[in-house]
Number of protein chains: 2
Amino acid sequence: MRRTRLTPEREAELYEAVLDILREVGYDALTMDAVAARTHSSKATLYRQWKGKPELVVSALRHKKPIKLADIDTGSVRGDLLAMVCEADDAQMEQDAALMRGLGHAIHTNADLHRALRELLIEPEMAGMDAMLRRAVDRGEIAADTPALDYVPHMMLGAFLTRPLVEDRNADPSYLIRYIDAVVLPALGL
Amino acid sequence: MRRTRLTPEREAELYEAVLDILREVGYDALTMDAVAARTHSSKATLYRQWKGKPELVVSALRHKKPIKLADIDTGSVRGDLLAMVCEADDAQMEQDAALMRGLGHAIHTNADLHRALRELLIEPEMAGMDAMLRRAVDRGEIAADTPALDYVPHMMLGAFLTRPLVEDRNADPSYLIRYIDAVVLPALGL
């Protein structure tokens with residue numbers, strides 16, 4: 001990643017291919033060979049750019065991430081949460097669900113992937129959500145001692161992950177809006 | 001399963017082995033050969049008793065299931081939810097988390113397993129939770145038009161599934177009690 005020798009367009013192409021393969025076969029079955037074949041590149045190039053499979057996958061995930069929580073500041077908690085879930089359309093959410101499924105088992109069994117995922121994606125995301133909630137507390141919208149403040153990430157991610165299991169269908173923006181209004185805001189006392 | 005030729009003890013042993021293998025390697029890598037080897041039984045016996053791998057795995061999951069939601073009726077929502085989460089100790093929850101991880105990807109890619117899991121586990125569980133909530137509405141504890149009533153399964157399962165991702169540690173009963181008090185009960189207006 002340091003000292004990029006690929007053009008940004010080529011890099012984006014590679015990342016897209018990695019995510020496609022991840023959705024199709026899952027992390028365990030994804031090989032550097034398959035990425036090389038799909039993208040018509042050499043394995044040497046892949047290993048020169050990225051240290052290995054976990055780094056390549058995490059870089060691809062990070063590159064894709066369309067929503068920067070830090071950029072959202074609508075002035076209300078409801079507005080911020082809706083902005084979070086409404087930037088993605090149904091097709092994107094379906095793709096995100098496929099990605100989560102593709103990563104599923106591996107996150108817990110592969111220490112490198114686990115660490116990379118936490119450092120690059122989960123922790124920055126949590127920090128963004130914390131900042132959003134701290135602003136709401138600062139402007140007096142949420143009481144500082146509201147116990148649910150600690151569980152907003154659990155609620156939001158949980159809504160996304162559990163719908164396929166409970167309702168046998170993927171999360172989409174309109175479902176997430178209903179969930180925010182029915183669960184997240186009342187839990188926060190809003 | 002119809003016409004059982006195995007003793008209940010032997011059947012329980014087989015199921016325990018299936019769940020162990022599932023936790024260790026995940027659903028995709030679990031083979032009837034491995035189950036046969038681990039349990040010193042013939043593959044013919046396994047196939048005679050269960051139609052195939054999805055049926056064997058679902059039967060094993062169902063056999064293990066320690067908590068019958070239908071049996072819980074403490075007289076309050078908080079009491080019922082706490083009874084649900086407190087029957088399991090930390091070790092059991094860790095095992096359950098390993099099981100969920102082992103099933104992860106397969107639930108979505110294997111139609112047989114998906115259907116069996118829905119019919120045998122998820123739908124009865126949802127029905128039990130619905131009955132619990134209906135009783136709470138009937139005795140006037142929860143208003144019938146509370147929007148969060150539709151999302152109690154999402155909240156409870158979401159709490160369990162998201163803690164490893166958000167906090168990098170598995171759910172345990174004391175965490176789930178905090179979550180119930182901070183999120184589920186306030187969302188229900190309690």
Side-chain angles (χ1 to χ4, degrees), chain A residues 22-29 97-98 100-109 114-115 117-118 121-123 125-126 129 146-168 170-171 175-176 178-190, chain B residues 22-29 97-98 100-109 114-115 117-118 121-123 125-126 129 146-168 170-171 175-176 178-190:
Chain A
L22 194 55
R23 290 184 191 104
E24 291 162 20
V25 303
Y27 182 83
D28 289 333
M100 292 296 296
R101 294 196 298 268
L103 286 169
H105 195 54
I107 297 180
H108 303 280
T109 51
H114 184 96
R115 192 170 44 247
L117 206 73
R118 283 204 67 79
L121 274 180
I122 298 180
E123 281 160 16
E125 198 93 338
M126 298 300 120
M129 212 174 266
T146 307
L149 276 171
D150 292 336
Y151 299 107
V152 177
H154 306 69
M155 288 189 261
M156 295 298 295
L157 186 59
F160 184 79
L161 293 179
T162 56
R163 195 184 199 204
L165 295 168
V166 176
E167 300 183 26
D168 211 6
N170 281 322
Y175 154 81
L176 289 173
R178 291 196 302 279
Y179 184 91
I180 287 168
D181 283 331
V183 170
V184 183
L185 299 178
L188 289 169
L190 295 171
Chain B
L22 195 55
R23 290 185 191 101
E24 291 162 21
V25 302
Y27 181 83
D28 289 334
M100 291 296 297
R101 294 195 297 268
L103 285 169
H105 196 53
I107 297 180
H108 303 281
T109 51
H114 183 97
R115 193 171 44 246
L117 206 72
R118 282 204 68 78
L121 275 180
I122 297 180
E123 282 161 15
E125 199 93 339
M126 297 302 118
M129 211 174 268
T146 307
L149 277 171
D150 292 335
Y151 300 107
V152 177
H154 307 67
M155 287 189 263
M156 295 298 296
L157 185 60
F160 183 80
L161 293 179
T162 56
R163 195 184 199 204
L165 296 168
V166 176
E167 299 183 27
D168 212 6
N170 281 323
Y175 154 80
L176 289 173
R178 289 197 303 280
Y179 185 90
I180 288 168
D181 283 330
V183 171
V184 184
L185 300 178
L188 289 168
L190 295 171

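Considering every non-hydrogen atom in both B:V183 and A:A187, the closest pair reads O-CB, 3.9 Å. Closest heavy-atom contact between A:E167 and B:H154: OE2-NE2, 2.8 Å.
Residue B:L149 does not touch chain A at all, counting heavy-atom pairs closer than 4.5 Å. Interface remark: A:I122 contributes side-chain atoms only to the contact with chain B (heavy atom separation under 4.5 Å). Of the two parts of A:D168, the backbone and the side chain both hold a non-hydrogen atom closer than 4.5 Å to a non-hydrogen atom of chain B. Contact of B:M155 with chain A is made through backbone and side chain together, with heavy-atom distances under 4.5 Å.
Listed options A:R163, A:H114, A:E123, A:M126 were ranked by heavy-atom pairs under 4.5 angstrom with chain B; first place goes to A:H114. Contacts with chain B were tallied for A:D150, A:L165, A:D181, A:V152; A:L165 has the most, counting heavy-atom pairs under 4.5 Å. Chain B forms more heavy-atom pairs under 4.5 Å with one residue of A:G189, A:A29, A:A148 than with any other, namely A:A148. Of the listed residues (B:P186, B:A182, B:G158), the one with the most heavy-atom contacts under 4.5 Å to chain A is B:A182.
A distance of 13.0 Å separates CZ in A:F160 from CG in B:L161, rounded to the nearest 0.5 Å.
Contact check for A:D28 versus B:D28: no side-chain heavy atoms found under the 4.5 Å cut-off.
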